[in-house]
Each structure stands twice: as structure tokens, then as C-alpha cells.
Colleague: 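The structure under discussion is supplied below as C-alpha cells; questions concerning it will follow.
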There are 2 protein chains.
Amino acid sequence: MTDQPALVYVVDDDEAMRRSLCWLLRSVGLECREYASADAFTAAFEDTRPGCLLLDIRMPGQSGLDLLDSLSKGGAILPVLILTGHGDVPMAVRALKAGAMDFLEKPCNDQVLLDRVQEAVSEHARRLAEREVRSEARQRLDNLTARERQVAELVSRGLSNKAIARDLEISLKTVEVHRHNAMVKLKVEGAAELARLWVEAEEGA
Amino acid sequence: MTDQPALVYVVDDDEAMRRSLCWLLRSVGLECREYASADAFTAAFEDTRPGCLLLDIRMPGQSGLDLLDSLSKGGAILPVLILTGHGDVPMAVRALKAGAMDFLEKPCNDQVLLDRVQEAVSEHARRLAEREVRSEARQRLDNLTARERQVAELVSRGLSNKAIARDLEISLKTVEVHRHNAMVKLKVEGAAELARLWVEAEEGA
DNA sequence: GGAAATTTTAGGGAAAACCCTTAGTGTGGT
DNA sequence: ACCACACTAAGGGTTTTCCCTAAAATTTCC
């Protein structure tokens with residue numbers, strides 16, 4: 001997670017609008033890329049670098065709301081700021097419930113926009129860090145064999161080796177082996193750390 | 001947490017509207033109480049029984065948005081459905097960002113409204129259960145003495161008694177005592193359960 | 001000042017966890 | 001058939017935790 005500079009994506013079919021937005025963003029030192037359609041953006045973006053998306057709704061081809069849906073369905077965590085000229089209440093409600101971070105109407109005050117962008121970028125950095133922790137945990141969990149995972153889970157729930165042996169109907173010695181192997185693979189020491197790792201990995205799963 | 005029936009609060013200064021809403025809600029078996037102002041509602045509601053709030057924005061006295069803010073500031077977890085006749089985009093955005101679960105415009109389709117209410121009630125039940133777990137955990141934690149809490153935290157982080165003794169510069173025997181007392185007070189057995197309890201209590205703190 | 005609670009330390013024994021090696025069995029792939 | 005891997009099991013020793021009793025020093029509160 002090398003702390004890369006923020007990148008703002010601007011998706012709008014109106015070229016003048018894109019230019020103007022990017023000019024504004026670059027004037028405060030934000031890197032910025034333009035896309036004329038949802039598809040062009042989808043093909044290009046990577047959800048690993050802190051940033052956010054400034055998105056228009058009314059566009060030829062895939063609409064902004066559709067893009068918003070497909071982003072969240074695809075597990076993306078990039079914050080989206082809707083910026084539209086012809087918004088109505090149902091549209092705003094749908095966008096925000098679909099996970100948009102904000103819904104701004106053109107024309108929009110420059111400073112307000114920049115503030116929202118900064119908020120969104122911070123939020124994305126936060127989410128990226130969180131996702132990193134969980135995916136790290138889950139990746140280590142994936143390296144366990146079925147039996148090891150089974151034993152590790154029971155350990156994380158506070159059962160003793162003896163109780164686990166009874167539960168799984170295997171010998172105490174076998175449990176010790178699985179437990180030890182799991183601990184090594186997960187790089188944890190002791191039941192407490194294992195329990196924490198387990199909670200981290202399973203929350204929001 | 002005796003599983004009480006749902007209770008829907010309706011806050012609107014227009015009496016005809018309140019009546020009509022309550023008639024609709026009662027027709028599907030939902031209990032329902034009416035309030036003509038934000039203040040009347042604030043004085044009466046209790047955030048322990050599953051339900052939701054149907055809230056108008058434009059009212060004499062405290063506005064619906066103000067009520068929404070003061071609810072979330074007060075730590076309430078009651079889901080709020082905004083139902084207003086004169087909504088605009090900025091108002092909807094503000095309401096949703098302030099935590100409203102939905103923003104509906106009058107007149108509103110009956111079935112849509114009832115669906116949203118049911119969703120909101122389920123959501124509240126879910127939140128109540130979560131809050132219950134956390135407050136139980138925190139309450140038990142509050143019964144620990146300072147030293148016990150200190151020791152328990154280090155145990156939950158995976159440190160051995162010996163390591164804790166070094167950290168706190170006290171004897172191993174003392175650590176054992178504090179650890180044991182903490183375990184008894186927290187009603188947990190083993191480091192794993194303690195770690196889980198700790199995570200439960202501290203998350204979202 | 002005295003009672004109650006907290007913090008501190010200790011001895012000693014039973015239970016559990018931890019660490020090492022060795023090894024038989026079964027399964028899947030080359 | 002052979003190899004790699006997972007699962008199983010055991011012996012034996014060290015360390016840590018768990019559980020009991022006992023008690024002194026300290027702090028807090030009335």
C-alpha cells in the first residue's frame with residue numbers, strides 16, 4: 001500500500017463540463033482523468049488507488065445510475081459523487097440509496113465541490129485500508145486445509161483442544177497438530193490473536 | 001428483549017394526513033401513534049421497541065430535518081422515513097445524508113409506503129439486537145477495576161501473562177489474579193472468548 | 001479513623017497448551 | 001508405481017494457564 005497520490009475520475013458526456021471540472025481539480029493539485037462514457041471509465045479504472053468518481057447521470061449509453069449500480073455490485077469501494085444538471089428527487093434518492101456519497105446539482109459552487117471531493121478521497125483511503133486488512137486475513141484463511149480451518153474456528157470460539165477432539169471425534173493429538181499448523185499458516189500466536197483474525201475475516205462476509 | 005410488536009410513529013402537522021396514514025398502517029396490523037409536532041414526538045418515543053418513524057419535513061416549530069439531526073445526535077437508532085409534499089433535491093440529499101432511510105414524496109403509493117415501513121421495522125429490530133449485544137459487553141467491562149481492565153485488554157491482544165507482567169511491571173502472580181477476576185466478572189472462559197468480547201465492545205466506540 | 005475495595009504478592013498442584021520427532025493411512029495427480 | 005499432500009495418531013518434555021488458599025499494602029469512601 002504505497003501511499004499514492006489521489007486520482008479523480010470525471011465521467012461526463014459534455015466535453016466543456018469535463019474540461020472545466022478537471023481544470024478546477026488540477027488547480028488544487030489533484031490528478032484527474034476524463035471519460036466521455038460509463039463504459040470508457042469502467043474499462044480504465046482501478047480500485048486500488050485513493051480517489052473518487054465525479055459522475056454525471058444523463059449520458060448516452062449506460063446512465064450514471066446504472067454505472068453506480070454495477071460498481072457496487074462489482075464490489076467496488078470507490079466513492080461516487082453525482083453531479084448532474086437535470087436532477088429530480090426520486091433520482092437523488094435512488095442514487096444515494098445506491099451508495100453515492102453525494103448528489104450535487106450543476107451549476108455547483110467550486111469550493112463546495114472541492115470539499116466534497118476531498119472528503120470522498122479520504123473516505124476511499126479509509127475503505128482501502130479496511131479492505132486490505134480483511135483480504136489479507138481471508139487470504140491466509142484460504143491457505144488452510146479443510147480440517148485446519150475447522151479446528152481453527154473452534155479454537156477461535158474458545159473451545160479447548162479436548163472439547164474440539166470430542167466435537168470432531170478425533171484424537172487430542174490430531175487436534176494439536178491441526179491447531180499448530182493453522183497457527184503457523186495464519187502467523188498468529190495464541191488463541192486470542194486467532195479469535196481476532198477470525199472476527200476480522202468473517203465480519204461483513 | 002421480549003419480542004414486542006412493531007410501533008410506527010407518524011409525525012405530521014396535517015391531521016388529515018396523519019389519520020389517513022395511520023388508517024393505512026393499521027389496516028395491515030401495524031400499531032401506530034400520531035404526533036402533530038417534532039417536540040410532541042420527542043417527548044414520547046422510546047428507542048427500545050421495534051418500529052420506525054414516518055416524518056414530514058415542513059412543520060411549525062422544529063422541522064423534520066432538525067428532528068432527524070437531533071435523533072442521530074442523541075444516539076437514536078430508529079429508522080426514519082421522510083414523507084413530504086414539498087421536497088426538493090437539496091432537501092432529499094440532506095435528509096438521506098443525515099441518516100434517513102428513505103425520502104418519499106406525497107402523494108405516495110400505498111404499497112410502496114407499506115413496503116418501506118416493513119423494511120424499516122426489520123432494520124430497527126436488527127439494530128436493536130446489535131446494540132443490545134454491545135451494551136451488554138460494555139456494561140460487563142465497566143464492572144472491571146482499572147487494573148483488571150488493563151490486564152484483560154492485553155490478554156485480549158494475545159500477550160502471555162509473563163509478557164503482561166513485564167509490560168505493567170508487576171509480578172506474574174498479580175497478573176494471574178487480575179486475569180482470573182476479570183474472566184469471572186466478564187463471564188468468559190479462555191483468552192479467545194475474551195478477545196471476542198473485547199472486539200464486540202470496542203467496535204464503533 | 002475505620003471499613004471496604006483494590007492492588008499487590010506468594011505457594012503449590014492440576015490441567016492445558018506448546019514444541020519436538022516419528023509414522024501409518026488415504027487420496028489425487030504424473 | 002511413485003510422489004506430494006492431507007489427515008491421523010503417539011511419545012515425551014517444557015511452558016503456560018488455571019484454580020485454590022492466604023495475606024499484606026494501598027486507596028477510597030463514610
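A quick note: this is a predicted structure, and the numbers were derived from the prediction, not measured. For the numbers below, each heavy atom of this structure counts, side chains included, while hydrogens, waters and symmetry mates do not. Just so we're on the same page: letters track the sequence lines, and every chain starts at 1.
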Colleague: Less than 4.0 angstrom between a side-chain N/O of A/Ser171 and OP1 or OP2 of D/dA10, yes or no?
Modeller: yes
Colleague: Taking the side chain as everything from C-beta on, heavy atoms only, tell me whether B/Arg147 gets closer than 4.5 Å to B/Leu168.
Modeller: yes
Colleague: Does a salt bridge link A/Glu130 with A/Arg127, judged by any charged N lying under 4.0 Å from a carboxylate O?
Modeller: no
Colleague: Using a strict heavy-atom distance below 4.0 Å, which residues from residues 175-183 of chain B are in contact with DNA chain C?
Modeller: B/Val177, B/His178
Colleague: Hey, is CD on A/Glu31 packed in by over 12 heavy atoms from elsewhere, all under 6.0 Å?
Modeller: yes
Colleague: Compare side-chain N and O positions of B/Asn161 against OP1 and OP2 of D/dT16 and report whether any pair is under 4.0 Å apart.
Modeller: no
Colleague: Whole angstroms only, please: what is the NZ-C1' distance between B/Lys162 and D/dT14?
Modeller: 11 Å
Colleague: Would you call the rings of B/Tyr9 and B/Tyr35 parallel, tilted or perpendicular, taking 30° and 60° as the class edges?
Modeller: tilted
Colleague: Nearest nucleotide by nearest heavy atom, which residue falls closer to the 5' end of DNA chain C, B/Lys173 or B/Arg147?
Modeller: B/Arg147
Colleague: Take atom CG of B/Leu194 and atom C1' of D/dT17, then tell me their distance rounded to the nearest Å.
Modeller: 14 Å
Colleague: Rounded to the Å, how far apart are A/Leu168 CG and D/dC7 P?
Modeller: 12 Å
Colleague: If you fit an axis to the five pairs at each end of the helix from C/dG1-D/dC30 to C/dT30-D/dA1, how big is the angle between those two axes, to 10 degrees?
Modeller: 50°
Colleague: Using side-chain heavy atoms (C-beta onward) and a distance below 4.5 Å, is B/Asp12 in contact with B/Lys106?
Modeller: yes
Colleague: What is the distance, to the nearest angstrom, from the CZ atom on A/Arg149 to the C1' atom on D/dC7?
Modeller: 15 Å
Colleague: Using a 4.0 Å heavy-atom cut-off across all strands, classify A/Thr174 as base, sugar-phosphate, or nothing.
Modeller: base
Colleague: Using heavy-atom distances to pick each residue's nearest nucleotide on DNA chain D, tell me which of A/Ile170 and B/Ala191 is more 5'.
Modeller: A/Ile170
Colleague: Indicate yes or no for a side-chain donor-acceptor contact from A/Gln139 to the backbone of A/Glu136 under 3.5 Å, with no hydrogens or angles considered.
Modeller: no
Colleague: Can you confirm whether B/Arg179 sits close enough to B/Met183 that some side-chain heavy atom of one is under 4.5 Å from a side-chain heavy atom of the other?
Modeller: yes
Colleague: Could you list where the contact with chain A starts and ends along DNA chain C, reading 5' to 3', using a 4.0 Å heavy-atom cut-off?
Modeller: C/dA16 to C/dC19
Colleague: Side-chain contact test, heavy atoms from C-beta onward, threshold under 4.5 Å: evaluate it for A/Arg149 versus A/Glu153 and give yes or no.
Modeller: no
Colleague: Is there a side-chain contact between A/Glu123 and A/Pro79 (heavy atoms, below 4.5 Å)?
Modeller: yes
Colleague: Round to a whole Å and report the spacing from NZ of A/Lys185 to C1' of D/dC7.
Modeller: 11 Å
Colleague: Whole angstrom is fine here: how far is it from CG in A/Leu172 over to C1' in D/dA9?
Modeller: 11 Å
Colleague: Given side chains that start at C-beta, do those of B/Leu71 and B/Leu53 come closer than 4.5 Å, heavy atoms only?
Modeller: yes
Colleague: Could you tell me whether the side chain of A/Leu54 reaches within less than 4.5 Å of the side chain of A/Val11, counting heavy atoms only?
Modeller: no
Colleague: Please report, rounded to the nearest Å, how far the P atom of D/dT27 is from the CD atom of B/Glu148.
Modeller: 17 Å
